[in-house]
Each structure stands twice: as structure tokens, then as C-alpha cells.
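Worksheet: the structure to be examined is printed underneath.
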Amino acid sequence: MQFYTDMENQTLREDILLLEGLKVSSQFFIPTFILTLLIYIFILVSNIGLVILILSSRNLHQPMYLLLCNLSINDVVGATVIIPRLLRDLLLSNSERYIHYTNCVIQAFGAHLYAGASHTVLMIMAFDRYVAICNPLRYSTIMTNRMVVKLSVAAWTVAFVMVAILLGLSIRLSRCRSVIFNPFCDNASLFKLSCDSVLINQIYGLGYTVVLLGSSICSMTLTYLKIAVVCLKSKNKALNSKALQTCATHLTVYIILLGSGFIIVILHRFPQLTDHRKVVAIQRTVVLPALNVVIYGLQIKEIKQRIIALFHCSKVAQKK
């Protein structure tokens, strides 16, 4: 802590900040770097591969899979704005982890956009499942390609606007500090650089969290309650089996996302657990994008069959 206090007292250029980075002991440096790099490569290859697979396979040109592309793209964006910088900082000493203010703002925007879009995208995916299970006869007329585009644009626009306001309120503040006490830049880190009143930032930040989490929780709860009622009333075992498979996958991803978000919010209330909060925040950004594609790839029958078919064709081609 004394090191960072000394750095605060030094005369640094106004737009250059010192980023705390990820604290890793020397004996765990190499395993942490290699594991994080491998996870990042897996996130890129698997999510981009899933998007290409869906777009190139005509039988996967269905609303559920097209909406899933939004989740994969979001995971790639979220991982890319955080992990490469994290890996770079691991190679540098504490005193060399500088970041330009503009780059810090961009990273914070990307991190919050990833978190916000994760909720809005999962909400529109829940709506798709609701229409498919509760109104199967009208599904093709409701979930048209145009509707898929509208839902996708709405999900990204809502998240973009809310995050833009969030970061805009922090950018307007003057700065009297130059150290980011976090492994990566986020909104809280930015407004803590100021000695001005941050009451408006805190109010909007709380409102942003309440609106985002509240709307996603309410929509998910209502959607799946209605789906559960339909499944209980229906005696169609095939319908119930398909509903259970797709909904269980979707709910698993959502619960993991929601749980990690709540843990971070709770840990923010306990300053003595700051290091634990930082670890959870990093794990959320690193692990969740990798986990999403695994959950969907293994649980959704059509995608799993397509992946198996591709591997089979590859093996046959190699033998020839």
C-alpha cells in the first residue's frame, strides 16, 4: 500500500494512470499466465467457432441459435477487453503497469457493456423459449428473422445506452488521483480517481444495478413460471423433454451470471474482502465466457450433433 501512496505523491502526467493489475506470487506466476492464456484462446476459438457453425449450417438458422450468437459475441468482447491487458500486466512489475486514461475508459466501458449485455441477451433468449413452448403454433409467425434482429438490436442498444450514461457521469469528474486499485478498469475505479462529490454517480450506479438485475430477475421468473405451468398442464412428454433441456441450459447460464454478480455486489460492502472481490470479478470475466459455450455446446442436442458430425468428417478426411 505504501508503494501506491508514494506513486500518488509523484508528479505523473494527467492522463497516465497506474493500474494495480493482478497480484500473483512468484511461484504461481507461470501457471497463472499459461492457464489464463489457454482459457482466452479457448474462449476465442470456441465462441467464434460456434457463431461460424450456426451461421454456416442451414438447419441451425433458427431464432434460438441466432440469438445464441449474441451471447457468444458478447463473451468474446468481454474477454478481449480484459484478458489481454491482464496478461500483459502479469509480465510487468507493479511500478510499470501504466494505462492511458482513454484506454482505461474504453476498458471500463467494455467490461460494463459485457455485464449489461449478458443480462439483456439472456432476457431475449428467455422470451424466445417462452414463445416456443407457450405458443408453439404461432412461433414461426412471431419469431421471424425481423423479430430476431429487433430483439438483438434492442438488447445491445439498452445495454449500450445505460453503460454510456454510467461512464459519462464518471468522465465528467475532475481527477486528483492516478492509481486504479483494481486488476482492470471499471466505473467505480474511475470515479474514485476524483475528489469531487460522486453522489450522482453512486445514485445512478445503484439505479443502474437495480433496473438491470431487477428487470432480468422479474422477466426470467415470470417467463419460467409460465413455462412451468404449461409443462405441468401438458401431457406431451416430447414437449416437456425439449422444454426441460433448453430451459435448463438457459437457466444454468443465467444463475451462474446472476450469482457471480451478486457476490461482487455483496463483497463491495466489505472493504476487508477487497482481494476476494477482485478474484471473483476476474473469474467472472475469464471463466464465464468459457463456461457458456461449453454448457450450450454440450446440452443443446442440435449443436452437439453438428459438432460431432464435423469431427467425424475431419477424421474420415484424414484417413483418406
Side-chain angles (χ1 to χ4, degrees), residues 36-84 110 113-114 117-133 139-140 142-156 159 238 241-254 256-257 285-320:
T36 306
L37 177 61
L38 291 176
I39 291 176
Y40 179 57
I41 293 172
F42 175 77
I43 290 171
L44 293 182
V45 173
S46 59
N47 281 284
I48 294 175
L50 183 60
V51 172
I52 294 173
L53 175 65
I54 291 173
L55 296 180
S56 61
S57 302
R58 190 176 296 274
N59 61 327
L60 294 180
H61 288 183
Q62 301 174 34
M64 180 176 70
Y65 305 124
L66 295 176
L67 292 175
L68 176 58
C69 289
N70 286 279
L71 194 62
S72 290
I73 292 171
N74 187 46
D75 285 339
V76 170
V77 171
T80 300
V81 297
I82 301 295
I83 299 178
L113 181 63
Y114 161 70
S118 295
H119 285 276
T120 55
V121 168
L122 286 172
M123 286 165 64
I124 64 174
M125 291 175 70
F127 174 74
D128 171 73
R129 291 300 82 209
Y130 166 75
V131 177
I133 295 169
Y139 181 75
S140 59
I142 295 175
M143 294 303 297
T144 60
N145 290 337
R146 187 175 181 180
M147 176 59 75
V148 171
V149 172
K150 284 183 177 180
L151 290 173
S152 300
V153 171
W156 285 98
S241 177
K242 185 175 182 180
L244 180 63
Q245 181 185 19
T246 57
C247 292
T249 302
H250 186 261
L251 274 176
T252 300
V253 171
Y254 179 72
I256 294 173
L257 173 69
T285 307
V286 174
V287 176
L288 199 57
L291 199 57
N292 286 346
V293 72
V294 172
I295 292 173
Y296 276 102
L298 294 179
Q299 292 299 320
I300 297 180
K301 183 179 178 181
E302 289 83 354
I303 292 179
K304 185 164 62 175
Q305 288 177 340
R306 184 62 181 163
I307 292 174
I308 293 173
L310 285 175
F311 275 108
H312 179 71
C313 292
S314 177
K315 288 182 180 180
V316 171
Q318 288 178 357
K319 289 180 180 180
K320 290 184 178 179

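- The minimum heavy-atom distance linking P289 with N47 is given by the pair O-ND2, 3.4 Å.
- Every residue two or more places apart in sequence or in another chain that forms a side chain to side chain donor-acceptor pair (under 3.5 Å) with S152 is listed here: N70.
- The side-chain contact (heavy atoms from CB on, under 4.5 Å) with L66 is formed by just one residue from the set V51, L55, L60, L151; it is L55.
- The shortest heavy-atom contact between A159 and T120 is CB-OG1, 4.2 Å.
- Applying the side chain to side chain contact (heavy atoms under 4.5 Å, CB included) criterion to T144, with sequence neighbours excluded, gives R146, M147.
- Heavy atoms only, all atoms of each residue included: M125 and L67 are closest at CG-CB, 3.9 Å.
- Of the inter-residue distances, the one linking I54 atom CD1 with N59 atom CG reads 10.5 Å to the nearest 0.5 angstrom.
- Annotation: the span from L122 atom CG to L257 atom CG amounts to 6.0 Å, rounded to 0.5 Å.
- Under the side chain to side chain donor-acceptor pair (under 3.5 Å) criterion, S118 pairs with N74, not counting sequence neighbours.
- In this structure, CZ on F127 lies 6.5 Å from CD1 on I142, to the nearest 0.5 angstrom.
- The side-chain heavy atoms of D75 and L71, taken from C-beta on, include a pair separated by under 4.5 Å.
- Summarising the geometry of M64 relative to Y139, their closest heavy-atom pair is N-OH, 4.0 Å, with the distance given to 0.1 Å.
- Judged by distance alone, the side chain of S56 and the main-chain N or O of L53 form a donor-acceptor pair under 3.5 Å.
- One finds the CD1 atom of I133 at 9.0 Å from the CG atom of D128 (value rounded to the nearest 0.5 Å).
- In this structure, the side chain to side chain donor-acceptor pair (under 3.5 Å) partners of Y254, at least two apart in sequence or on a different chain, are S216.
- Looking at residues two or more places apart in sequence or on another chain, you find a side chain to side chain contact (heavy atoms under 4.5 Å, CB included) between L291 and I256, I295.
- By the side chain to side chain donor-acceptor pair (under 3.5 Å) test, T80 is found to be paired with Y40, residues two or more places apart in sequence or in another chain being considered.
- In this structure, G78 and T285 approach most closely via the heavy-atom pair O-CG2, 3.7 Å.
- The two residues I124 and A155 have their closest heavy-atom pair at CD1-CB, 3.9 Å.
- By the side chain to side chain contact (heavy atoms under 4.5 Å, CB included) test, I39 is found to be paired with L35, I43, V286, A290, residues two or more places apart in sequence or in another chain being considered.
- When side chains are defined from C-beta on, S57 does not count as touching Y65, because their heavy atoms never get closer than 4.5 Å.
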